[in-house]
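Below is one structure, written out as structure tokens, with a few remarks after it.
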There are 2 protein chains.
Amino acid sequence: METDQTTTPGRAAAKRRLPRGSLSREIILAAATTIAQRDGLDGLTFQALGAELGAHPTAVYRHFRDKDELTLGLVDALNAEALAALGEPTEDWAADLAQLAHSIHQVFLRHAAVGQMIAARTARSEHEFRIVERFVSCMRRAGFSDGDAARYYRVFADFVLAYSALDAALAALDPDTRRADLRAWQIEYQTLPPEVYPNTAAIAHLLPALDDPGNFAAAVDLMIDAIRARAQANSG
Amino acid sequence: METDQTTTPGRAAAKRRLPRGSLSREIILAAATTIAQRDGLDGLTFQALGAELGAHPTAVYRHFRDKDELTLGLVDALNAEALAALGEPTEDWAADLAQLAHSIHQVFLRHAAVGQMIAARTARSEHEFRIVERFVSCMRRAGFSDGDAARYYRVFADFVLAYSALDAALAALDPDTRRADLRAWQIEYQTLPPEVYPNTAAIAHLLPALDDPGNFAAAVDLMIDAIRARAQANSG
DNA sequence: ACCTGAACACCGTTCAAGT
DNA sequence: ACCTGAACACCGTTCAAGT
């Protein structure tokens, strides 16, 4: 993490010139990840990046064409981490599917600020292809025709991505706002007038929290159950 | 749409003073929707809003505390439109669930720029409550316990929201970039080396397009099938 | 009370200048 | 070739001034 800034550790941000090759895409992406994690997506500016790197803000432009390209790099890094977190495939395609889903979901929550914006930016990176290959492998092992495997891969993968991005967006709120938000939300549901909202009022005290990790788990179970049922119907 | 600017129709943007009560939350939200639809979310600035309204950019601050509050207003308006688009409930809870899902999805696609950011901003508006009531009603009619109804409501509703936001994000790209993006994406998948990606390569020619409306429809069918199976297991 | 004018801090981006 | 300095257009927001 630390570069060799052994000079005057006290007055850290003293004006100095960076050695020639001290910046690279990898180093910049690592700094960007740190900032996004710490200050959220809004905190990720060229100024902050410069400060974090001990470089001039515009030095980044030598390595990324613009902010959008930097963003794509962050998304790709997230894909890489998700891929690295995957376990080995087993002989149980359904269990593998669940494991894929939960690995991706966890990485999204770990890098919530980046995760929340992946919806818009499908990355087309090497790492994404490898993850797709794993999904498709599960669907073919389930016994689907190629056409069905293609369709169910897309549906399941996009479902995992979309739901993970949603959870990431909530997790990316700073702790105080998030706590206040969840609290206000819960109170409003508890006090809904039963005459107007009979069904909601009846079950309001049983509503799982928005950030209950059981929600995603339940959604994955439902999806896999339905896919398994289709696979059995096909082979039967 | 047009206000009564009957003076000098040729030199439209001439400097003039707005009458006292010409601005309101409704009028501003309508203008904001128009701009977001036409120029995307990036185009929605206070300057653009001022131009669209024929008012000073900062006049909006009299009606909305800041841009975030304006955003929440847009999300609420989207909820209102989704609610208005809902058909009447029938005696078939599963069909009602599907109808809810597709109504919401369609409104998200129609207002793609707003829809793509709903993930982060759960609105807690009157209109949202009414939509929730419809979802919960379906789950209770399915015969679930209150606890199960609460869980499945949350999972299904969040799934619909998340997937709709994902589709909206794609739809919100300007047509040229979107076309180029989809094309590049398809080509890359068609030319994946089969030695490295055997499963993906085998089904690549059958992959449904990212913006194929059949994807969401298939996802909804899977979800409802699984929920119906659970309901039957409970009652049997 | 509602809208305008002027000003401020900040941000992404460009481009010429340093080494 | 890589980093710095200065500058530009634009954006959200504040606040005093008009009517």
Side-chain angles (χ1 to χ4, degrees), chain A residues 3-5 7 12-32 35-36 38-74 113-114 117 120-121 177, chain B residues 3-5 7 12-32 35-36 38-74 113-114 117 120-121 177:
Chain A
T3 57
D4 54 350
Q5 301 167 10
T7 56
K15 194 152 293 184
R16 72 200 118 74
R17 182 162 269 276
L18 270 191
R20 284 266 183 174
S22 27
L23 259 37
S24 70
R25 287 179 71 96
E26 286 70 31
I27 291 174
I28 294 171
L29 283 174
I35 296 169
R38 189 185 59 212
D39 306 322
L41 217 50
D42 290 346
L44 182 58
T45 69
F46 281 83
Q47 305 229 121
L49 214 38
E52 182 75 21
L53 292 163
H56 196 272
T58 64
V60 176
Y61 280 95
R62 200 56 45 178
H63 303 268
F64 293 90
R65 192 153 50 87
D66 53 21
K67 196 168 185 184
D68 191 59
E69 200 182 294
L70 204 166
T71 295
L72 285 177
L74 284 174
V114 179
M117 64 176 180
R121 313 227 109 284
T177 344
Chain B
T3 57
D4 55 348
Q5 300 166 10
T7 56
K15 192 155 293 182
R16 73 200 118 74
R17 184 163 267 276
L18 269 191
R20 282 263 181 177
S22 27
L23 259 39
S24 70
R25 287 178 72 97
E26 287 69 32
I27 291 174
I28 293 170
L29 284 173
I35 295 169
R38 188 185 58 212
D39 305 322
L41 218 50
D42 291 345
L44 183 57
T45 68
F46 282 82
Q47 307 229 120
L49 213 38
E52 182 75 20
L53 292 163
H56 196 271
T58 64
V60 177
Y61 280 94
R62 198 55 45 177
H63 303 268
F64 293 90
R65 190 152 52 88
D66 53 21
K67 195 168 187 185
D68 191 58
E69 200 181 294
L70 204 166
T71 294
L72 285 178
L74 285 174
V114 178
M117 64 175 179
R121 314 226 108 285
T177 342

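All values below come from the heavy atoms of this structure, side chains included, with hydrogens, waters and symmetry mates left out.
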Side chain of Thr58(A) (C-beta onward), nearest among dG5(D), dG12(D), dC3(C): dG5(D)
Nearest-Å distance for atom pair CG/P, residues Asp66(B) and dT14(D): 8 Å
Protein-nucleotide distance (Ile27(A), atom CD1; dC3(D), atom C1'), rounded to Å: 14 Å
Pairwise 5' ranking along DNA chain C for Arg65(A) and Leu23(B), keeping only the more 5' one: Leu23(B)
Rounded distance in Å - CG (Leu53(A)) to C1' (dT4(D)): 14 Å
Glu69(A) CD - dT13(C) C1' separation (whole Å): 14 Å
Listed nucleotide nearest any side-chain atom of His63(A), set dT13(C), dC3(D), dC3(C): dC3(D)
Minimum-distance nucleotide to Tyr61(A) side chain [options: dG12(C), dG12(D), dT4(D)]: dG12(C)
Candidates Asp39(B), Val114(B), Leu74(B) - the one meeting side chain to side chain contact (heavy atoms under 4.5 Å, CB included) with Leu44(B): Leu74(B)
Length of the line joining Asp68(A):CG and dC11(C):P, which is rounded to integer Å: 19 Å
Assigned partner base of dT19(C), Watson-Crick or wobble definition, under 3.5 Å: dA1(D)
Complementary nucleotide of dA6(C), counting Watson-Crick and G-U pairs under 3.5 Å: dT14(D)
Neighbour count >12 (heavy atoms, 6.0 Å) for atom CG, Asp42(A): no
Out of dC3(D), dC2(C), dT13(C), whichever nucleotide has its closest atom nearest the side chain of Arg62(B): dC2(C)
Length of the NE2-C1' vector between His56(A) and dA17(C), whole Å: 12 Å
Heavy-atom pair of closest approach, residues Gly43(A) and Ala48(A): O-CB, 3.4 Å
Nucleotide nearest Lys67(B) when distance is taken to its side chain, options dC11(D), dC11(C), dG12(D): dG12(D)
Interatomic distance where CG belongs to Leu49(B) and P belongs to dC10(D) [whole Å]: 17 Å
Protein-nucleotide distance (Phe46(A), atom CZ; dA6(D), atom P), rounded to Å: 20 Å
Side-chain heavy-atom pair Leu41(B), Met117(B) within 4.5 angstrom cut-off: yes
The single option from Thr71(B), Leu29(B), Leu72(B) passing side chain to side chain contact (heavy atoms under 4.5 Å, CB included) against Phe64(B): Leu29(B)
Sugar-phosphate only, base, or nothing, as touched by Ser22(B) at under 4.0 Å among non-hydrogen atoms: sugar-phosphate
